[in-house]
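One is the number of the first residue; the rest follow in order along the sequence.
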Amino acid sequence: MQPGDPAELRTRLGRNLTYGLLDSLGRAIVIGAYEDEPFPTEAELAKQHGVSRQVTREAVKMLTAKGLLSARPRQGTIVQPATTWNLFDTDVLRWLLERKFSVDLLRQFNQLRVAIEPEAAALAAANASDADLEPILAGLKRMEAAERGLDDALDADIAFHVAILRASGNPFFVQFRDVVTTALRSSIRFTNRIKGRSASVPDHAAVSEAIVRRNPDRARKAMKKIIGDVLDLIEVSENPVEG
């Protein structure tokens, strides 16, 4: 096939054309591809990507809902400033993290975590049922297994933190799980690279133990220590101590 062939263009978007176009356009917007040129019309997008007007219309609607685009009378569709983007949307967060590694973004994410996850841990200690505790303990066991090379350390760490958000019983904290899952993948890789090892199992065990023993204050402090250590690592990475 020749470059620009509609069939080839559609293949690049994957099996779901709407989501493929959404992903392609979202990445392009986030990296600034349209900073110096107007956003294409639906007809232009359809021709550029070899898809129907319906596909482009749906993708543009989804990007608008995520805060990346807006449609205005006589102005057409325009790219919105980054301050309007929905950072709690996992696609937007993923595109930002993939755009360029940003220590600032990781710091801001962990500042949000330290405001939420310690309280989630305290709520879990106060309110979690036995059934809620099982995924937390399972996540810790996975982390221990990962230390022996029997599980994936990143997935195990994420599973532990998500289990605590669920066990909090607060629906707003539970909704935070997708943001945590998306952003933790970059945050954990970054901190592990600095430390040369995966997350501290004893520190996570301290959170788990406090929750199991129904001690909200200890659970809060133990979780705050984990995220505080991450923020300290980020600070060290930007301001290394000279030997």
Side-chain angles (χ1 to χ4, degrees), residues 93 97 101 103-170 172-174 176-241:
L93 184 57
L97 290 168
F101 181 77
V103 173
D104 282 340
L105 186 61
L106 286 182
R107 179 191 298 105
Q108 291 158 2
F109 165 66
N110 281 288
Q111 288 168 343
L112 178 62
R113 287 183 66 202
V114 83
I116 291 178
E117 290 192 64
E119 292 307 314
L123 284 173
N127 305 319
S129 66
D130 289 342
D132 292 328
L133 296 178
E134 290 178 6
I136 298 174
L137 296 173
L140 183 63
K141 287 182 179 178
R142 288 188 61 187
M143 292 184 70
E144 292 169 345
E147 290 273 282
R148 303 190 300 272
L150 301 176
D151 204 330
D152 183 88
L154 181 58
D155 289 342
D157 199 348
I158 289 172
F160 179 85
H161 287 276
V162 169
I164 291 174
L165 291 171
R166 291 182 184 277
S168 74
N170 184 310
F172 294 98
F173 287 178
V174 175
F176 191 56
R177 68 188 184 276
D178 291 337
V179 175
V180 167
T181 298
T182 301
L184 267 183
R185 293 194 177 278
S186 291
S187 182
I188 292 173
R189 288 192 187 103
F190 171 74
T191 54
N192 288 357
R193 190 163 63 246
I194 295 175
K195 294 184 297 184
R197 59 176 175 80
S198 57
S200 168
V201 173
D203 285 352
H204 286 71
V207 176
S208 177
E209 180 181 359
I211 292 173
V212 170
R213 291 181 178 274
R214 307 297 184 182
N215 190 322
D217 188 53
R218 283 182 58 192
R220 182 186 294 111
K221 289 178 180 177
M223 181 63 82
K224 189 172 289 187
K225 179 183 185 302
I226 290 174
I227 305 172
D229 287 347
V230 173
L231 288 167
D232 288 344
L233 283 171
I234 292 172
E235 182 69 21
V236 168
S237 74
E238 289 194 306
N239 303 287
V241 177

Legend entry - salt bridge (charged side-chain N to carboxylate O under 4.0 Å, His left out) partner of E119, the single match among R113, R220, K221: R220
Legend entry - Test item: S168 side-chain N/O and L165 main-chain N/O as donor-acceptor pair under 3.5 Å: yes
Legend entry - CD on E117 to NE2 on H161, rounded to 0.5 Å: 6.0 Å
Legend entry - Shortest non-hydrogen contact from R177 toward V162: CB-CG1, 4.0 Å
Legend entry - Pairwise distance CD1(I116) to CZ(F176) - rounded to 0.5 angstrom: 4.0 Å
Legend entry - Reported CG-to-CG distance for the pair D229 and N110, which is rounded to 0.5 angstrom: 11.0 Å
Inset, instruction - Report the C-alpha distance between I158 and I188 in whole Å, list the side-chain angles of each, state the deciding distance to 0.1 Å, and finish with yes or no for side-chain contact (heavy atoms from CB on, under 4.5 Å). - result: CA-CA 9 Å; I158 289 172; I188 292 173; 4.2 Å; yes
Inset, instruction - Locate the shortest heavy-atom distance separating A210 from A125; write the atom from each residue and the value. - result: O-CB, 4.0 Å
Legend entry - L105 CG to L97 CG distance, which is reported to the nearest 0.5 Å: 5.0 Å
Inset, instruction - Go through the steps for N127 and N170 under the test side-chain contact (heavy atoms from CB on, under 4.5 Å), then give the verdict. - result: CA-CA 10 Å; N127 305 319; N170 184 310; over 6 Å; no
Legend entry - Residue pairs passing the side-chain hydrogen bond (donor to acceptor under 3.5 Å, both in side chains) test where at least one lies in residues 135-145, sequence neighbours excluded: R142-D151
Legend entry - Pairwise distance OG(S200) to CD(E147) - rounded to 0.5 angstrom: 8.0 Å
Inset, instruction - Using atom types as modelled and distance alone, determine if a side-chain donor or acceptor of R214 lies under 3.5 Å from a backbone N or O of A128. - result: yes
Inset, instruction - Output the distance between atom CG (L106) and atom CG (L233), rounded to the nearest 0.5 Å. - result: 11.5 Å
Inset, instruction - Would you check, one step at a time, whether the test side-chain contact (heavy atoms from CB on, under 4.5 Å) holds for L184 with F109? - result: CA-CA 9 Å; L184 267 183; F109 165 66; 4.3 Å; yes
Legend entry - Pairwise side-chain contact, E235 with L231, heavy-atom cut-off 4.5 Å (strictly under): no
Legend entry - S129 versus D132, side-chain donor and acceptor atoms under 3.5 Å: yes
Legend entry - Closest non-hydrogen atom pair between S187 and V230, with its separation: OG-CG1, 4.0 Å
Inset, instruction - Output yes when R185 and D157 qualify as a salt bridge under the 4.0 Å nitrogen-oxygen rule, no when they do not. - result: no
Inset, instruction - Go through the structure and list residues passing side chain to side chain contact (heavy atoms under 4.5 Å, CB included) with K224, not counting sequence neighbours. - result: V114, P118
Inset, instruction - Check whether any side-chain heavy atom of K225 sits under 4.5 Å from a side-chain heavy atom of D203, and report yes or no. - result: yes
Inset, instruction - Would you check if L93 and D178 make a side-chain contact, meaning some heavy-atom pair closer than 4.5 Å? - result: no
